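For clarity, every value in this text was computed on a predicted model and none was experimentally measured. Just so it is clear, the values below take in all heavy atoms, side chains as well, and ignore hydrogens, waters and symmetry mates. Below, chain A is the first sequence line, B the second, and so on; all start at residue 1.
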Protein chains: 4
Amino acid sequence: MTEEDADPIRRRPGGRAARVRQAVLTAALEVLAEEGVARFGIAAVAARAGVNETTVYRRWGTREKLVLDAMLAGSTEGIPVPDTGDVRTDLAAFARALADYLATPAGRAVARAAALSSDDPGLAEAWETFWQSRLELAGAIVDRAVGRGELPAGTDTGLALELLCSPLQTRALLGHRPIEPDLPERLADTVLDGLRGRA
Amino acid sequence: MTEEDADPIRRRPGGRAARVRQAVLTAALEVLAEEGVARFGIAAVAARAGVNETTVYRRWGTREKLVLDAMLAGSTEGIPVPDTGDVRTDLAAFARALADYLATPAGRAVARAAALSSDDPGLAEAWETFWQSRLELAGAIVDRAVGRGELPAGTDTGLALELLCSPLQTRALLGHRPIEPDLPERLADTVLDGLRGRA
Amino acid sequence: MTEEDADPIRRRPGGRAARVRQAVLTAALEVLAEEGVARFGIAAVAARAGVNETTVYRRWGTREKLVLDAMLAGSTEGIPVPDTGDVRTDLAAFARALADYLATPAGRAVARAAALSSDDPGLAEAWETFWQSRLELAGAIVDRAVGRGELPAGTDTGLALELLCSPLQTRALLGHRPIEPDLPERLADTVLDGLRGRA
Amino acid sequence: MTEEDADPIRRRPGGRAARVRQAVLTAALEVLAEEGVARFGIAAVAARAGVNETTVYRRWGTREKLVLDAMLAGSTEGIPVPDTGDVRTDLAAFARALADYLATPAGRAVARAAALSSDDPGLAEAWETFWQSRLELAGAIVDRAVGRGELPAGTDTGLALELLCSPLQTRALLGHRPIEPDLPERLADTVLDGLRGRA
DNA sequence: GGATAAGCGAGACGGTACGTCTCGTCTTTTG
DNA sequence: CAAAAGACGAGACGTACCGTCTCGCTTATCC
């Protein structure tokens with residue numbers, strides 16, 4: 001885990017094993033985006049990857065683990081974190097980007113997959129980490145604002161991000177209420193005001 | 001529709017149909033709470049309700065619709081909405097109650113069920129309505145605060161509730177991050193400050 | 001059974017009961033002819049007769065009994081028995097008529113219904129009677145031939161009819177082998193030769 | 001196709017697939033004989049074969065196909081065809097054997113099954129072939145008699161068999177009229193006389 | 001460079017749930 | 001009060017996935 005990946009499959013990047021792995025994960029992401037998480041099936045993934053079903057079961061075991069691995073491998077880019085020097089602009093842009101991502105089929109699929117596989121504690125933790133790593137980068141926006149004096153010292157970065165992001169996530173997960181275009185801005189404004197305190 | 005329920009099943013409260021309906025919905029809620037939404041099956045519900053499986057299929061058709069109906073029929077009480085005269089106390093108490101509910105097996109199940117069946121547009125809308133009706137009562141807290149002058153006139157009630165509730169919902173849905181005991185208070189504080197604007 | 005039918009349904013020929021009975025039986029015959037005996041269902045019969053399903057169940061109980069009753073009531077005419085004075089012509093014509101009837105949807109349905117419901121001893125006997133009464137009329141052909149000296153005295157009428165008819169019935173029942181146009185004649189010829197004996 | 005069976009299931013005679021196949025077909029024949037074709041169910045067959053229900057559906061799809069396959073695989077021996085040098089004795093013995101077979105539960109089931117599934121053209125043809133292959137062996141009796149001069153040269157073998165066998169089949173199929181002990185002999189006699197022609 | 005071990009393809013199977021279909025019974029409502 | 005309307009019980013049917021297993025065969029690794 002430290003200097004050499006323990007997974008024997010990734011040992012040789014050019015080998016057949018790695019090729020199969022990549023094909024399956026790519027296919028999984030495509031199926032996820034096209035069919036949604038509810039109709040996501042291993043048979044479809046294997047067929048699209050040009051790989052035998054048994055192989056997928058051998059390597060990933062269950063549907064949930066495959067979804068998780070595909071997500072981890074596939075969305076490495078994350079949400080872009082702007083840095084314009086103005087905290088309001090940055091937060092609004094980040095919220096906008098997150099909303100756009102969640103409107104994507106892939107984004108919807110990610111959210112659903114996380115929600116559905118959170119029964120298994122191990123998977124739940126993995127999803128937790130997934131979201132954490134995707135969103136905590138935005139903490140830099142808040143931290144920089146504190147550094148510039150735009151926000152008071154001691155500002156709770158986590159709370160800020162949670163207030164900003166979870167309305168968007170919740171809308172993507174529950175029901176089908178669309179995200180109005182000005183919602184990211186309104187969220188950013190209100191959250192900023194809240195963080196600055198009443199005084 | 002006005003004085004007599006349109007649903008023919010509920011016409012006679014004492015009849016067999018109504019009795020069966022009640023038994024199934026109750027059993028559904030129990031199974032949901034005990035097994036979770038992923039392992040929720042119609043066979044188990046029918047067995048527990050002492051009703052034939054076919055009847056469940058006849059009346060509800062699919063698992064998703066049964067879950068929805070059980071939720072609609074079963075959680076009529078909703079989250080209590082306090083009225084102490086102090087908006088901060090009220091909001092914090094409401095957030096606390098919501099968090100407690102979401103920590104309940106039933107609460108988790110509700111959240112998961114909504115996330116699960118949001119592929120079907122009709123069901124998604126129904127779940128939207130469900131949450132709307134459960135949470136909008138809390139709008140009274142904000143409205144009363146506006147009336148008392150605790151909050152400015154043009155306060156966006158919906159945004160307020162969304163900021164307050166969605167972090168709790170998201171935590172219940174994604175990952176397994178527990179809700180810290182003081183989170184409701186912190187949420188209430190920050191949201192209130194945000195609503196009051198940057199003085 | 002002797003001078004007044006015991007069946008209460010037939011008591012009043014003009015009453016509603018009789019009307020319902022007639023409608024159901026007619027509808028049953030139609031469904032039987034159109035859909036075949038395998039897809040014959042009480043629901044379809046009731047719908048076509050403009051009568052409630054429950055009524056059919058009350059009066060006839062099971063599908064088999066309804067089929068039987070419909071057959072008994074519906075095909076009173078039977079197969080025409082010719083009398084030309086020549087036994088070969090008569091037998092061939094009768095065989096031809098039977099073959100034509102068995103090629104009819106109704107005829108196929110009758111044969112299938114008899115074959116399928118012969119598990120129940122009571123029904124089996126009823127079907128036995130049904131066929132007996134339809135075919136034994138043709139015994140007159142043989143008897144007349146004996147009277148005219150065309151066939152020896154002591155000719156086994158039942159055996160003659162069985163030899164003549166059962167190949168046609170079997171072809172209608174098993175497999176889908178069509179009945180060649182000259183088969184009735186060949187049957188009549190061979191059977192007649194057989195009856196006359198070798199000498 | 002010549003030296004290796006095309007059916008992939010039978011490729012390995014000792015493999016699990018072949019074992020399962022055999023178990024299911026044997027169980028099917030047993031259920032068929034014990035319960036009759038009307039009460040023949042896949043669940044019962046699977047249970048008796050110690051095989052999962054799904055496997056039966058996968059391999060045979062419908063009840064009718066399973067019945068057919070069981071019959072094809074299970075009654076390979078057919079009706080014994082005697083060769084005593086006397087056509088009357090041979091035909092009578094064959095008719096007797098057929099009558100005995102049709103009196104067997106399995107024999108009844110075969111007849112009923114064919115009558116049951118003759119709606120599907122493919123299955124009807126298969127049943128046709130089934131009966132054809134079971135009965136045409138007896139054609140040798142007639143052919144040998146022609147060779148010995150017991151029967152005239154142009155004797156219609158098919159017609160002879162049909163006249164001999166179909167009365168027995170019809171009695172087994174329709175109604176419940178038992179087969180009298182001397183019926184086979186009388187059939188053989190009359191058919192032989194018929195085949196020899198009038199003087 | 002050949003043994004050898006790891007992984008893959010192919011095919012079936014056990015298991016669980018789902019949703020459909022019919023039959024025949026039972027309760028409730030209505031004329 | 002009897003028939004209509006409609007729900008129910010019972011049970012089979014056929015389908016869809018999931019995850020496991022076995023058996024050859026191909027590929028990559030190791031001596």
Side-chain angles (χ1 to χ4, degrees), chain A residues 8-9 11-12 14-21 24 38-44 46 50-66, chain B residues 8-9 11-12 14-21 24 38-46 50-66, chain C residues 16-17 20 39-44 46 50-66, chain D residues 8-9 11-12 15-21 24 39-46 50-64 66:
Chain A
I9 292 167
R11 269 182 310 199
R12 301 248 160 198
R16 179 167 67 162
R19 223 174 323 125
V20 165
R21 181 185 141 85
V24 170
R39 297 177 47 191
F40 175 87
I42 286 192
V51 153
N52 195 279
E53 240 175 283
T54 315
T55 300
V56 181
Y57 280 111
R58 246 190 308 254
R59 294 264 280 263
W60 285 275
T62 72
R63 187 175 54 187
E64 283 76 17
K65 292 182 195 163
L66 174 57
Chain B
I9 292 168
R11 267 185 311 201
R12 302 251 159 199
R16 179 167 68 162
R19 215 165 39 231
V20 164
R21 181 184 142 88
V24 170
R39 297 177 46 190
F40 174 87
I42 286 192
V45 174
V51 154
N52 195 280
E53 238 174 288
T54 312
T55 299
V56 182
Y57 280 111
R58 239 187 315 246
R59 292 264 282 260
W60 287 274
T62 71
R63 186 174 52 189
E64 283 77 16
K65 292 182 196 164
L66 173 56
Chain C
R16 177 164 70 163
V20 165
R39 298 176 48 190
F40 174 87
I42 286 193
V51 155
N52 195 275
E53 241 176 283
T54 317
T55 301
V56 180
Y57 279 111
R58 231 189 328 259
R59 296 238 186 119
W60 284 273
T62 73
R63 184 175 56 186
E64 283 77 16
K65 291 182 195 163
L66 174 57
Chain D
I9 292 168
R11 265 183 318 200
R12 277 171 220 281
R16 179 165 68 158
R19 216 166 36 232
V20 164
R21 182 184 141 87
V24 170
R39 297 177 44 191
F40 174 87
I42 286 192
V45 174
V51 154
N52 195 281
E53 236 175 290
T54 314
T55 298
V56 181
Y57 280 111
R58 240 190 314 249
R59 292 264 281 263
W60 286 273
T62 70
R63 186 175 51 188
E64 282 78 14
L66 173 57

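B:A46 approaches B:V56 most closely through the heavy-atom pair CB-CG2, 4.0 Å. B:T55 and B:V51 get closest at one heavy-atom pair: CB-CG1, 3.8 Å.
In this structure a side-chain-to-backbone donor-acceptor pair under 3.5 Å is present from B:R59 to B:A17.
When the nucleotides E:dC8, E:dA12, F:dC8 are ranked by their closest atom to the side chain of B:V20, F:dC8 comes out on top. The nucleotide whose nearest atom lies closest to any side-chain atom of C:R63 is, among E:dG24, F:dC17, F:dA7, E:dG24. Nearest to the side chain of A:T62, among F:dG19, E:dT16, F:dC8, sits F:dG19. Among F:dC17, E:dC8, F:dC13, the nucleotide with an atom closest to any side-chain atom of A:T55 is E:dC8. In this structure, of F:dC18, E:dC8, E:dG19, it is E:dG19 that holds the atom nearest to the side chain of B:I42.
Contact annotation for A:R58: base contact, defined as any heavy-atom pair under 4.0 Å involving a base atom. Using a 4.0 Å heavy-atom cutoff across all strands shown, A:T54 reaches at least one base atom of the nucleic acid.
Residue A:R39 contributes atom CZ, which lies 13 Å from atom C1' of F:dC17 at whole-angstrom precision. Taking atom CZ on A:R19 and atom C1' on E:dG7, their separation rounds to 12 Å, with Å as the unit. When the C1' atom of F:dC18 is taken as reference, atom CG of A:L66 falls 13 Å away, rounded to whole Å. Nucleotide E:dC13 holds its P atom 11 Å from the CZ atom of D:R21, rounded to whole Å.
By the 4.5 Å heavy-atom criterion applied to side chains, C:W60 and C:I42 are not counted as neighbours. Annotation: side chain of B:L66 is not in contact with side chain of B:R63 (no heavy-atom distance under 4.5 Å).
The side chain of C:N52 places an N or O atom within less than 4.0 Å of a non-bridging phosphate oxygen (OP1 or OP2) of F:dA5. In terms of phosphate contacts, B:R59 brings a side-chain nitrogen or oxygen within less than 4.0 Å of OP1 or OP2 of F:dC8.
The residue among B:V51 and D:A43 whose nearest nucleotide of DNA chain F is located toward the 5' end is B:V51. Each of A:E64 and D:Y57 lies near DNA chain F, and the nucleotide nearest D:Y57 is the one positioned closer to the 5' end. DNA chain E is contacted by both D:G50 and A:E53; A:E53 maps to the nucleotide lying nearer its 5′ end (nearest heavy atom per residue). For C:F40 and B:F40, each mapped to the nucleotide of DNA chain E holding its nearest heavy atom, the one lying further toward the 5' end belongs to B:F40.
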Intra- and inter-strand pairs of DNA chain F in dot-bracket (Watson-Crick or G-U wobble, both distances under 3.5 Å; | for another strand): |||||||||||||||||||||||||||||||
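Rounded to the nearest 0.5 angstrom, A:K65 NZ and A:Y57 OH are separated by 12.5 Å.
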